There are 2 protein chains.
Amino acid sequence: MSKQRPSVQDKGVWENRGWENKGQEVPASPGQECLRVPRVEFSVGIDLVIFSVDHDQNCLLVLLGRSPQARGWALPGSGVGPGESLQAAAYRIVSETIQVQNLYLEQLYSFDEPLRSQPSESRRYLSVSYFALVRYEEAPLRSESVAWHVLNSPIQFQAHHQEIVQYGYQRLRNKVAYSPIAFDVLPVQFTLHDLYQFYCAILGDGFADYSNFRSKLLKLGFLRDTGEKLIRGAGRPASLFQFDREAFAPFQDQPLVFV
Amino acid sequence: MSKQRPSVQDKGVWENRGWENKGQEVPASPGQECLRVPRVEFSVGIDLVIFSVDHDQNCLLVLLGRSPQARGWALPGSGVGPGESLQAAAYRIVSETIQVQNLYLEQLYSFDEPLRSQPSESRRYLSVSYFALVRYEEAPLRSESVAWHVLNSPIQFQAHHQEIVQYGYQRLRNKVAYSPIAFDVLPVQFTLHDLYQFYCAILGDGFADYSNFRSKLLKLGFLRDTGEKLIRGAGRPASLFQFDREAFAPFQDQPLVFV
DNA sequence: CCAAAAGTGTTCCCGGTACACCCATGG
DNA sequence: CCATGGGTGTACCGGGAACACTTTTGG
């Protein structure tokens, strides 16, 4: 259940663009004194990109706050307490802003904060960002200074938070395609239309035909039909399904399980 | 060329397993004093997983060093200097250990180091890990304390470095499948067998049939036949190809381009 | 002429795509 | 009986997997 470190069986990234160097000689370091790098103190903070899907509006939401001093919206964040792991800090920030029962949490990236760090100063700032996915319907806000924002709406961001959000969004899109994080955030029982809508909100409408989506997932066999039905006014009642973790295991190491 | 931050168009991860919480209420924070977290000082270090492919032996290598004090092999690493970005520090470490002209560099993950941090202590340790891919043939070692290791051989690792290596290996495997990092590390002109061997070393033999690999890549059209041939003793001369970045652009956002 | 290395082609089959169509319920 | 939402079926196409085959060189 709880994992402090990423597990080895996990699958790989196709974001995280790095640095390429071709043909130019990488210079040797100026001198051996580099081996004894002067000690620098870092203030480490956590920034959280908290996502949620509003099934009624059928849209993807991010949780943002207005910081007292600066203008523009900012990600919920905080420093790391003594004796508190990075993940624990991320978790704490979630629990401080919303009252949540179901969530998925994952480290995103560590950003330097060169703007705040003076070159000559010995103090440095480092922001470790996480992204979280929570169930909107069951996550009332705990703090008055934060609010849900539709992701595709134009938002005035503070500092480089726009970038972190974009990065988290990419990660979410990709994650959702091969990983069953949807079921961390959906009710235990759900209809296939619920599931389809969830994917539509994140990947955009028409990421796949509904009927194909349906038959593909059912063929894979990790969705158990509970036999129960859900009646929503007119129309045929919808079957309620449950996610079967055991049955999903074989697909753990496979790309593009969903979509 | 040089990117300090991951770009937004990048594609997504399927490693980075996070934390799931289902059904259990996430408790509210003990008190409001959490909003004013006591300041903790971090020592930030960089650990590098440097990979390389030995085309003669046809195997994947990692660069490891023996640290003076502890037993077991360790990743090359160092603290971050004042006024030095995380990536610059990673780059410096590469240049200190090997003399390299071509490389790919990317941030991996940030690890807490709970073992070294005392619970009551105000000092904390944080390790930001990077992975690098370098061209073996053109990367003579600069330091005597490091050596190449065949990745699949049993290695006695120091602390949690085994974990970081595994993590980096996963990332490499996935990265290689959709991203053209192979061409950062291959010569400008290469035969398709060279390319195939590169993938074999990383993904394991028989990740795909050679002839299918060949026809698929050629059909995509971002490999330009230079017309030049390479003669290696007996046998038909091999055509030399070049990677065409422009022509690759359309596939930037596509999974499983290679393999 | 043979072996070695490189390159081409062919067949089969599965899985995605795009639809059209059938079913159950409320009004 | 019709609108509405849910579920099923089918016909086509492309791309991957496996394998056989041809081409060009050196000895």
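A, B, ... follow the sequence lines: proteins, then strands. Residue 1 opens every chain. The structure displayed is predicted, hence computed values, not measured ones.
- Distance CG (B:Leu217) to P (C:dG7): 13 Å, rounded to an integer number of Å.
- The listed nucleotides are D:dT8, D:dA18, D:dG26; the one nearest the side chain of A:Ser211 is D:dT8.
- Looking at which nucleotide of DNA chain D each of B:Lys216 and A:Thr191 is closest to, the 5′-most match is held by A:Thr191.
- The aromatic rings of B:Phe258 and B:Phe248 sit parallel to each other, their planes meeting at less than 30°, with 60° as the upper class boundary.
- A:Arg171 places a side-chain N or O within 3.5 Å of a backbone atom of A:Gln107 that can act as its donor or acceptor partner.
- A cation-pi arrangement is not found for B:Arg245 relative to B:Phe243, the charged atom failing to lie both closer than 6.0 Å to the ring centre and inside a 45° cone about the ring normal.
- At a cut-off of 3.5 angstrom, the base of C:dG7 holds no donor-acceptor pair with the side chain of B:Ser239.
- Between B:Leu256 atom CG and C:dG15 atom C1' the separation is 14 Å, expressed in whole Å.
- Using a 4.0 Å heavy-atom distance criterion, B:Arg232 is classed as a sugar-phosphate-only contact.
- Listed candidates were C:dT25, D:dC19, D:dG7. Nearest to the side chain of B:Asp209 is D:dC19.
- For A:Ala238, the side-chain atoms get nearest to D:dG7 when compared with the rest of D:dG7, D:dC19, D:dT24.
- What separates OH of A:Tyr210 from P of D:dG5 is a distance of 13 Å, to the nearest Å.
- When rounded to the nearest whole Å, the span between NZ of B:Lys229 and P of C:dG7 equals 7 Å.
- Put simply, CG on B:Leu195 is 15 Å from C1' on C:dA6, counting in whole angstrom units.
- The residues A:Asp194 and A:Arg232 are annotated as salt-bridged, a charged nitrogen and a carboxylate oxygen being separated by less than 4.0 angstrom.
- Between A:Tyr196 and A:His193, the two ring planes are perpendicular [angle over 60°; tilted spans 30° to 60°].
- In this structure, A:Gln254 places its CD atom 11 Å from P of C:dG16, rounding to the nearest Å.
- Here the nucleotide nearest the side chain of B:Arg214, chosen from C:dG7, D:dA18, C:dC19, is C:dG7.
- B:Ser215 contributes no side-chain N or O that forms a donor-acceptor pair with the base of C:dG9 under 3.5 Å.
- Listed nucleotides: D:dA18, D:dT8, C:dA6. Nearest to the side chain of B:Arg236: C:dA6.
- The nearest whole Å value for the distance from the CG atom in A:Asn212 to the P atom in D:dG9 is 14 Å.
- Comparing C:dT25, C:dA6, D:dG6 by their nearest atom to the side chain of A:His193 picks out D:dG6.
- The CD1 atom of A:Ile231 sits 12 Å away from the P atom of D:dG6 (whole-angstrom rounding).
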